[in-house]
Colleague: 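Dropping a structure here in structure tokens format, bear with me for questions.
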Protein chains: 2
Amino acid sequence: MNKKLIFTAALALMIGASSMAQEKLFNGINIQSPVKNADETVTFNLYAPQAQKVSVSGDFLPTVKIQTASGEYDAPGSAQLVRNEKGLWSFTTPALPSELYSYTFNVDGLNINDPANIYMNRDIATYSNIFITTKHKGDKGDLYSVNEVPHGDLAKVWYPSPTLKMNRRMTVYTPAGYDKGKAYPVLYLLHGAGGDENAWSELGRAAQIMDNLIATGKAKPMIVVMPNGNPNCQAAPGEWSFGMYTPSFMGNTGPKTPAATSMEESFMDIVKYVDSHYKTIKNREGRAVCGLSMGGGHTFNISRLYPNDFNYYGLFSAGLHLGKNINLKDPSIYNQMKADKVFQEQMKKLFNSNPKLYWIAIGNSDFLYKANADLRKFLDENHYPYEYMETDGGHIWRNWRIYLTTFAQKLFK
Amino acid sequence: MNKKLIFTAALALMIGASSMAQEKLFNGINIQSPVKNADETVTFNLYAPQAQKVSVSGDFLPTVKIQTASGEYDAPGSAQLVRNEKGLWSFTTPALPSELYSYTFNVDGLNINDPANIYMNRDIATYSNIFITTKHKGDKGDLYSVNEVPHGDLAKVWYPSPTLKMNRRMTVYTPAGYDKGKAYPVLYLLHGAGGDENAWSELGRAAQIMDNLIATGKAKPMIVVMPNGNPNCQAAPGEWSFGMYTPSFMGNTGPKTPAATSMEESFMDIVKYVDSHYKTIKNREGRAVCGLSMGGGHTFNISRLYPNDFNYYGLFSAGLHLGKNINLKDPSIYNQMKADKVFQEQMKKLFNSNPKLYWIAIGNSDFLYKANADLRKFLDENHYPYEYMETDGGHIWRNWRIYLTTFAQKLFK
């Protein structure tokens, strides 16, 4: 106890010395936000006595339809916070189902993060605060939480890509007990446009999902490899020598001259590195690949380029294109497939190899729904076996976490 | 090119669908902030047409003296931004020396982060934006940047602590080329109060500093182990099963019942794990330990508890206390040392073992300056050899990055 007392005295001074940490502690009001209430509602609080108008925008509110030149889409709804006499603004949600939620505040026209909540995720160039609600063991919120279970390690690893002629960075999850096992299967987990090697572990909660599924015996212990899908980048923004640039949807593939070689064509560089540096099952029996959006497109292409190297494929809200045989004049993927002999031969070869699982998942309001229905039509007509999962909602991380959770349980069994 | 066109069309829609990413791209003004100008000044921009008053607070501005009940301390200065007719607020600094700088905005009394800058660091419960200025190769900004050099890997690793009876998380840096070497020395790098296993790699830029020093031959390739110094926590906030709590200076040691055992007493659990899981030099010749503030205090205690296990000790702005033999009645560390026979025996044993380096560094306005001067007085009187570095400034990360840079170059040579 004595030790603690002395340290507390010293720390009172340190608080001052340590740059900007003091405001929140010393502003006279100890703001907590968000607060999870006993009735499963959630209250947001912001201390802003000079503000005129404060709202919260979050994916726990009913979505709103937004019209743009390129079509209609769903955006998170927003709600007004109400000011009390001390200048504290508050809003309480209805009871919320178990989920990981995102939100931002808007104060007099300015989007800001919640200063009382240190938990944030970056999606491309925008930070949103997050919180998780959980009702019972095994529900979504519980699956996305860090629980008292054995944890895998998560590493940022540099590997050489001879095809792309650069060193590149990826995230590698090794399951708890990895040092004791002999050889593990590997899931290659690919991000979407605007993302990077941090996306699945941050926005996707991949490490928490895998820890929890493995601990409860729902998924086999596996290595999960999350590479960077932008062939012109070595790593996430700020993590390579291009400097502290602001990412954009195309920006992550933009800061350097586009590589002549695509993600898909360089993909086996990653597999080779993983097989030579980790304890892996070094054939298709121990390999799965899946991805969201652009990463689903990568998976679609990888399945045809390397039909004998993977046994499980997962297309999550996949952005489908037929590789070099793209046809801009007809945007129908189905028509493109029917017209493309090379594609048909690749698919024949792929399904002749009897992969254990070809899995397609998409939300019913996803703007890529039609393209994926086209793919299913093609597969049906050719009697190529696949599994299909359809969820509510659109092109959102909430769905991709569900798809990872579902897909991971089907692997290596 | 065709592929890129189709993808761009799809992405225009995705931007909408993807929750809150659109505001910054579509608010009509493409805000860049901070902007590094050719004359080495830096301009901050914030689009806030409804704001009445906007300021920036940052460590590139002259510090101001703040008075509190517990004493006077330095805080970062602030400057007003000026509004133009469109509602864009701006401020330009004087020319800035090469450094890593931190800042926040204040809009009508509310502290916010710069929405145009995705680069942020969390210090305890507060996020600050960061930027780096560099003038020439090898200066501070360059050392803290990701350069086109081989990069080490950075892993979040779970290890068992039998002494603390829990699994715990640490950050481990393995240098570029680690897979090719036979045995590496290890630097144990400890954080301060309120920090965690993420502090040195995030706020301290430890991976960038080590990459750059090793690439230029200024430091030996070494493993750097950054454990969590709060014996009651398994990991950083949000990374263990205690949930998404808000950290505070004492909070990181507070969420669970205090452990009966201290960081120092459990420290060799970490060394044992590292020696059994990494290619290390498994004796004092290959071991250094250093830390900042509370971690400097840990280093001070570890040096006496295990006088034969490390060869290099670094006390950065160390918070010194004599372990269990603390004397609350006399706050003078010098008097405590002179009165404490156990301490004197420990120090004698330590320096009789001839450690290669006992290194003390502190800023001349640090509130712990006197305590460290007391320690130097004791060492001088006993003719115990040590090296000393004194810098400007106080108890701040700017100094701790300098100390790591300096200390790392002295090791294992």
Side-chain angles (χ1 to χ4, degrees), chain A residues 2-3 6 8 10-21 23-24 48 50 57 59 66 68 70-71 73 76 102 104 107-112 115 118-119 122-126 128 146-148 151 153-158 193 238-241 244 246 249 319 321 326 328 367 394-395, chain B residues 2-3 6 10-21 23-24 48 50 57 59 66 68 70-71 73 76 102 104 107-112 115 118-119 122-126 128 146-148 151 153-158 193 238-241 244 246 249-250 319 321 326 328 367 394-395:
Chain A
N2 284 353
K3 263 199 280 183
I6 283 207
T8 307
L11 287 170
L13 270 160
M14 277 193 222
I15 290 171
S18 162
S19 71
M20 297 153 217
E23 296 99 350
K24 200 164 126 191
Q50 296 176 59
S57 172
D59 54 7
I66 305 279
T68 70
S70 49
Y73 64 87
S102 298
T104 54
V107 179
D108 296 336
L110 195 62
N111 289 312
I112 69 163
I118 65 161
Y119 299 98
R122 179 178 62 82
D123 194 1
I124 313 192
T126 305
S128 299
V146 180
N147 291 312
E148 206 144 358
H151 302 301
D153 294 346
L154 199 68
K156 304 296 173 184
V157 173
W158 286 87
E239 301 288 353
W240 59 300
S241 59
M244 292 179 159
T246 301
F249 272 91
H321 63 90
I326 215 155
L328 271 179
F367 74 98
H395 208 71
Chain B
N2 284 354
K3 262 199 281 183
I6 284 206
L11 287 171
L13 271 159
M14 276 192 221
I15 290 170
S18 162
S19 71
M20 296 151 218
E23 296 98 349
K24 200 165 126 191
Q50 297 175 59
S57 173
D59 53 8
I66 306 280
T68 70
S70 49
Y73 64 87
S102 298
T104 54
V107 179
D108 296 336
L110 193 62
N111 289 313
I112 68 164
I118 65 162
Y119 300 98
R122 179 177 63 81
D123 194 0
I124 315 197
T126 304
S128 298
V146 180
N147 291 311
E148 204 144 359
H151 303 300
D153 294 345
L154 200 68
K156 303 296 172 182
V157 172
W158 287 86
E239 301 288 352
W240 60 300
S241 60
M244 291 179 159
T246 300
F249 271 92
M250 296 311 294
H321 62 90
I326 215 155
L328 271 179
F367 74 97
H395 208 72

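Residue numbers begin at 1 in each chain, while the letters A, B, ... track the order of the sequences. All values below come from the heavy atoms of this structure, side chains included, with hydrogens, waters and symmetry mates left out.
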Colleague: Can you name the closest pair of heavy atoms from A/D153 and B/V157 and give their distance?
Modeller: OD1-CA, 3.4 Å

Colleague: Side chain, backbone, both or neither: which part of A/N147 has a heavy atom under 4.5 Å from chain B?
Modeller: backbone

Colleague: May I ask you to name which of A/A48, A/G109, A/G238 has the most heavy-atom pairs under 4.5 Å with chain B?
Modeller: A/G238

Colleague: Indicate the atoms forming the closest heavy-atom contact of A/E239 with B/V146, along with that distance.
Modeller: O-CG1, 3.6 Å

Colleague: Compare all side-chain heavy atoms of A/V107 with those of B/V107 and state whether any distance is below 4.5 angstrom.
Modeller: no

Colleague: Once rounded to the nearest 0.5 Å, what's the spacing between atom CG of A/D108 and atom CG of B/D108?
Modeller: 7.0 Å

Colleague: Hey, could you give me the OH/CE distance between A/Y119 and B/M244, rounded to the nearest 0.5 Å?
Modeller: 6.5 Å

